[in-house]
Number of protein chains: 2
Amino acid sequence: MQSPSAGSGRSLREIKTDAVAASIAATALVLFEEKGFDRVTVDEIASASGISRRSFFRYFATKEDVVVSGHAAFGEKIIERVKARPADEDVWVSLRRGYDVLVENVDRNPEGAARTMRVINGTASLRAHTLEKHSAWAVGLAPEIARRLGDADGRRLEADALVHASFACLDVALAHFDPGGDASLGTTLDAAFGALRPERTR
Amino acid sequence: MQSPSAGSGRSLREIKTDAVAASIAATALVLFEEKGFDRVTVDEIASASGISRRSFFRYFATKEDVVVSGHAAFGEKIIERVKARPADEDVWVSLRRGYDVLVENVDRNPEGAARTMRVINGTASLRAHTLEKHSAWAVGLAPEIARRLGDADGRRLEADALVHASFACLDVALAHFDPGGDASLGTTLDAAFGALRPERTR
DNA sequence: ACACGAATGGCACTCAGTGCCATATTCGGC
DNA sequence: GCCGAATATGGCACTGAGTGCCATTCGTGT
């Protein structure tokens, strides 16, 4: 078979694999919400998903990845968004706009996002994992911000501070955000960024 | 025996226990630097320390705690320092001064701090653990900052953003800090805080 | 029908962490 | 100095995450 239907870049196998992974993740998330992340064993998830324990670890490298792996791609997307902002824009604004990727995603599927956030916020190791991932994204994002600041040597630390602080705002906004309430995540994020607005970011 | 020598609050047993724990930690840290954190098993640490595996877990709840537990008390100390600052001081300055506890500790024992930082920065799970701990400290510190901002409801998110951002500055400063170099951690921290200085923090 | 590669399942293994119990060590009072 | 009680230690067996290896099965193209 070649090009199933006007070939999207992915083969049939990949599509099926992704679908299975999504199904496992959905099953697991329900269990995590019921019993708590670390009172659910991989064996339970596997049998509830109709696969073997060994196969589970072929879809997800770790139990944490079931919850977190869906967010892996966002790092790159945020960087792309920031790079696409006008070169003379205030970097604090550019950073804020980068996170619109996440805001859109949450707005698109509020219940799912809320469920995931509940599980993450209720589990120390998942919170830690998330923070570390954000920190890693920050490292990737910092060079772009340094470039916009002029890239003088003294600006590297400044760029790092701005980027990490912006992720701190994101984490605060995610913690304050009430998925059932009337305020969008975007509004909460605006408030966090506004609270911190640095004196000179150009 | 009562009051060994003008009794400090701790019994002989406690003193010995702390000494043993410190000895285990020192031994373990050397191994971690040689082979990398996750290529050292608890069995190795235990036998290198002359204790049983089971006893190791009586001194440290987890393998990570060998590296991290020494920092546990700093959260409270930072909060104390901030509370001791003048009530009308700019909160951004108060936060910066709170971290002097850590600066003093690093300055007091630069080689040990450097060794610990190398191990932490070289291990993802330890980085994650550290960030989560900082985040937990931030939660404890936020009410004090909110109080200083006036404690109006709208200020809670502002306080959270400021506190988390200040920890972001700390993490950035720790990452940039060169223990062998001429700049003190305090100077690096000043630079990070200066880079971010928010517009209005009173 | 057949062959080939990928997906799956089963098994045994390492390692972190825990509960339980038996033993040794230390501390208190006498 | 002696003894009972608390405490520290070690050994053992267990759970659960994660991995390597191998046999089997499934999907696909010829």
Side-chain angles (χ1 to χ4, degrees), chain A residues 1-5 7 10-25 27-28 31-32 35-69 119 123-126 128-129 132, chain B residues 1-5 7-25 27-28 31-32 35-69 119 123-126 128-129 132:
Chain A
M1 173 211 292
Q2 65 265 21
S3 288
S5 62
R10 311 177 328 147
S11 76
L12 257 179
R13 270 215 170 90
E14 285 174 306
I15 293 174
K16 186 198 164 196
T17 298
D18 288 359
V20 173
S23 156
I24 296 171
T27 306
L31 292 174
F32 291 154
K35 306 176 53 178
F37 180 80
D38 25 45
R39 277 198 293 267
V40 178
T41 69
V42 172
D43 282 286
E44 290 182 69
I45 303 171
S47 60
S49 307
I51 60 170
S52 74
R53 168 193 167 71
R54 194 63 187 85
S55 286
F56 173 89
F57 283 111
R58 290 208 177 82
Y59 283 98
F60 299 99
T62 69
K63 193 171 79 165
E64 296 190 348
D65 271 17
V66 179
V67 184
V68 169
S69 69
V119 173
T123 313
S125 68
L126 288 175
H129 194 288
E132 220 279 315
Chain B
M1 169 205 299
Q2 66 264 23
S3 291
S5 61
S8 59
R10 309 179 326 150
S11 76
L12 257 180
R13 267 211 171 93
E14 284 174 306
I15 293 174
K16 186 197 162 195
T17 297
D18 287 1
V20 173
S23 157
I24 296 171
T27 305
L31 291 174
F32 291 155
K35 307 176 55 178
F37 181 79
D38 23 46
R39 276 197 292 268
V40 178
T41 69
V42 172
D43 282 287
E44 289 181 69
I45 303 171
S47 60
S49 307
I51 59 170
S52 74
R53 166 192 168 70
R54 193 63 187 83
S55 287
F56 172 90
F57 283 111
R58 289 209 178 82
Y59 283 99
F60 300 98
T62 69
K63 193 172 78 163
E64 295 189 348
D65 271 17
V66 180
V67 184
V68 168
S69 69
V119 173
T123 312
S125 68
L126 289 175
H129 194 288
E132 219 281 315

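A, B, ... follow the sequence lines: proteins, then strands. Residue 1 opens every chain.
We find that NZ of A:K63 is positioned 21 Å from P of C:dC15, with the value rounded to whole Å. Between the NZ atom of B:K16 and the C1' atom of D:dT7 there is a distance of 10 Å, given to the nearest Å. If you take CG of A:D43 and C1' of D:dT19, they are 15 Å apart, rounded to a whole angstrom. At whole-Å resolution of the value, CZ in A:F37 and C1' in D:dA17 are 10 Å apart. Straight-line distance from the CG atom of A:D38 to the C1' atom of D:dT15: 14 Å, rounded to whole Å. A:I15 has its CD1 atom 16 Å from the C1' atom of C:dA6, to the nearest Å.
For the atom pair CZ of A:R58 and CD1 of A:I51, the computed distance is 10.0 Å after rounding to the nearest 0.5 Å.
For residues 39-59 of chain B, the set of pairs meeting the ring-ring contact (aromatic ring centres under 6.0 Å, His included) definition, not counting sequence neighbours, comprises B:F56-B:F60. Listed by first and then second residue, the salt bridge (Lys or Arg N to Asp or Glu O under 4.0 Å) pairs involving residues 45-56 of chain B are B:D43-B:R53 (not counting sequence neighbours).
Partners of A:A124 under the side chain to side chain contact (heavy atoms under 4.5 Å, CB included) rule, at least two apart in sequence or in another chain, are A:R127, B:E132. Residues passing the ring pair (Phe, Tyr, Trp, His ring centres under 6.0 Å) test with A:F37, sequence neighbours excluded: A:F32.
Shortest non-hydrogen contact noted between A:D65 and A:H129 is OD1-NE2, 4.3 Å. The minimum heavy-atom distance linking B:I45 with B:L31 is given by the pair CA-CD1, 4.1 Å. Heavy-atom minimum distance, A:A48 versus A:T27: CB-CG2, 3.8 Å. Scanning all heavy atoms of the two residues, the minimum distance from B:R39 to B:E44 falls at O-OE2, 3.6 Å.
The stretch residues 51-58 of chain A touches DNA chain C through A:I51, A:S52, A:R54, A:S55, A:R58, each having a heavy atom within less than 4.0 Å of the strand.
Within the structure, every side-chain polar atom (N or O) of B:Y59 is placed at least 4.0 Å from both OP1 and OP2 of D:dA8.
Counting any heavy atom pair closer than 4.0 Å across all strands shown, A:V20 reaches no nucleic acid atom.
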Problem - Pair assignment for DNA chain C - dot-bracket with | for other-strand partners, Watson-Crick or G-U under 3.5 Å - result: ||||||||||||||||||||||||||||||
